[in-house]
Amino acid sequence: MTADTATTLFEAHRPALMGVAYRMLGRAADAEDVVQDAWLRWSGADRAEVRDPRGFLVRITTRLAVDRLRQIKARGETYVGPWLPEPYVTDFGDTVTDSAERAVLADSVSLAVLVVLETLSPLERAVFVLREAFGYPYADIAAMLDRGEAAVRQLGTRARRHVDERRPRYDVDPARRRDLTERFLDAAAGGDLAGLMELLAPDVRLVGDSGGKARAPLRVLEGADHVARFFAGVAAKGVPDVSVRLVELNGGPAVLVLSGGKPDAVVQIDADGDRIRTVYVVRNPDKLAALTALP
């Protein structure tokens, strides 16, 4: 295998490797570092002995991500305020044509699921991601993690049960979710308190992530009145030179708020029927930097 062929093969699999690493780590910068490390391992490997390049690369990436996750696992103990994953651009395009597969991939990268995955052990998270998002058989996952198949099955069962118990399950048609997002944007931007109250579920939650580096609630806000008044207050104060865009992030529509042309916040909702159940707001500038490159 020539160097050019090796590079071409790696680049062909890069989106999948980023998908694994991001779901494992919840931060694009960490995922990119892991994928770069995987490239270094790949470029230095005896590729003549590699029968399955994709499997080989996923194994390397998974192991590197597990090691990285163990190193940064303590971040939740020192993080200021609620923690949310870094917003991640998801555009499956023509790479995934099956609607059911698209739904699984979108769900596995959603903020709601990634927040729950943050509570799993690194090995549980790896098994969950490889099994639930990418459909790998337990035997293959066991080989990737250098664990017995029975032990990996136990990890997978425990992780699946944990996620099912803790993640909210809101089944909303993508078109309906986009419509709710647009209506929420209109009401929030206009400071329309009554309009917001119509859209928000009585027990709605607002989870804001600033990392202590921007203004956002340092605790989860609960209840339609509190959440509606928060957004009405933001509209009243205004954002300098503001503009907004509807973009595709983490498998669903999201509002990208720009100030002076630079990312200032990402707002995304989870809904149940016609009511919004959770509002996520990411304002930590470190987590928004990559969105500057959006076309």
Side-chain angles (χ1 to χ4, degrees), residues 81-90 103 106-118 163-210 214-239 242-258 263-284 287-288 291:
W83 179 90
L84 289 172
E86 179 179 342
Y88 186 62
V89 178
T90 48
D107 181 68
S108 70
V109 81
S110 70
L111 295 183
V113 167
L114 291 175
V115 167
V116 178
L117 293 189
E118 191 70 8
V163 172
D164 285 343
E165 289 174 351
R166 298 198 177 193
R167 65 155 294 188
R169 286 200 169 273
Y170 307 136
D171 296 321
V172 177
D173 177 82
R176 182 61 182 151
R177 186 181 177 194
R178 185 179 183 89
D179 177 66
L180 281 171
T181 300
E182 291 175 343
R183 291 169 58 195
F184 174 79
L185 171 59
D186 289 342
D192 182 359
L193 192 60
L196 286 167
M197 291 294 290
E198 288 181 3
L199 293 171
L200 300 173
D203 58 348
V204 65
R205 301 169 70 248
L206 186 155
V207 184
D209 178 333
S210 69
R215 296 194 66 178
L218 292 178
R219 61 181 179 82
V220 176
L221 298 185
E222 299 184 353
D225 184 65
H226 287 142
V227 174
R229 292 186 182 281
F230 170 82
F231 282 105
V234 171
K237 293 178 182 177
V239 177
V242 67
S243 60
V244 296
R245 294 175 56 191
L246 203 60
V247 295
E248 180 84 7
L249 298 173
N250 293 86
V255 178
L256 174 61
V257 181
L258 301 110
D264 182 77
V266 162
V267 182
Q268 193 166 45
I269 66 168
D270 273 339
D272 185 10
D274 293 331
R275 293 296 186 97
I276 296 169
R277 304 300 300 268
T278 310
V279 183
Y280 301 102
V281 179
V282 180
R283 292 210 65 215
N284 185 336
K287 296 183 178 183
L288 301 176
L291 300 181

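Values below: every heavy atom of this structure, side chains too, minus hydrogens, waters and symmetry copies.
When all heavy atoms of L180 and G273 are compared, the closest pair comes out as CD1-O, 3.5 Å. Closest approach of V227 and L221 over heavy atoms only: CG2-O, 4.1 Å. Of all non-hydrogen atoms in A228 and L196, the two that sit nearest each other are O-CD1, 3.6 Å. Across all their heavy atoms, G252 and T90 have their closest contact at N-OG1, 4.5 Å. Residues A224 and L200 share a closest heavy-atom pair of O-CD1, 3.8 Å. Heavy-atom minimum distance, P87 versus L291: CB-CD1, 4.3 Å.
Between V89 and L249 there is a side-chain heavy-atom pair separated by less than 4.5 Å. Side-chain contact check for L206 versus V220: every heavy-atom pair is 4.5 Å or farther apart. In this structure, V116 and E165 have side chains that are not in contact, with every pair of non-hydrogen atoms separated by 4.5 Å or more. Looking at heavy atoms from C-beta onward, K237 lies in side-chain contact with R215 at the 4.5 angstrom threshold. Contact check for R219 versus P82: no side-chain heavy atoms found under the 4.5 Å cut-off. When side chains are defined from C-beta on, D264 does not count as touching L288, because their heavy atoms never get closer than 4.5 Å. When side chains are defined from C-beta on, D107 counts as touching V113, because their heavy atoms get closer than 4.5 Å.
Within the 3.5 Å criterion, the main-chain N or O of A201 finds no donor-acceptor partner in the side chain of R277. Panel note: side chain R183, backbone R178; no donor-acceptor pair is recorded below 3.5 Å. Between the side chain of R176 and the main chain of D274, no donor-acceptor pair closer than 3.5 Å is present. Looking at N250, its side chain never comes within 3.5 Å of a backbone N or O of L111 through a donor-acceptor pair.
Considering CG of L199 and CZ of R275, their distance stands at 8.0 Å, rounded to 0.5 Å. To the nearest 0.5 Å, the span separating CZ on R166 from CG on L117 amounts to 11.5 Å. Taking OG1 of T181 as the start and CD of Q268 as the end, the distance is 7.5 Å to the nearest 0.5 Å. A distance of 10.5 Å separates CG of D209 from CG of L218, quoted to the nearest 0.5 Å. Between F230 atom CZ and D225 atom CG the span is 14.0 Å, to the nearest 0.5 Å. Between atom CG of residue L114 and atom OH of residue Y280 there is a gap of 9.5 Å, rounded to the nearest 0.5 Å.
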Criterion side-chain contact (heavy atoms from CB on, under 4.5 Å) on V279 and F231, from CA distance to verdict: CA-CA 11 Å; V279 183; F231 282 105; 3.7 Å; yes
Under the criterion side-chain contact (heavy atoms from CB on, under 4.5 Å), I'd like the reasoning laid out for K287 against Y88: C-alpha separation, chi angles, the key distance, then a yes or no. CA-CA 9 Å; K287 296 183 178 183; Y88 186 62; over 6 Å; no
V266 vs V257, test: side-chain contact (heavy atoms from CB on, under 4.5 Å). Steps then yes/no. CA-CA 6 Å; V266 162; V257 181; over 6 Å; no
When you look at L256 and L258, which way does the side-chain contact (heavy atoms from CB on, under 4.5 Å) test go after all the steps? CA-CA 6 Å; L256 174 61; L258 301 110; 4.2 Å; yes
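Within the structure, the salt bridge (Lys or Arg N to Asp or Glu O under 4.0 Å) test picks out no pair touching residues 188-199 (sequence neighbours left out).
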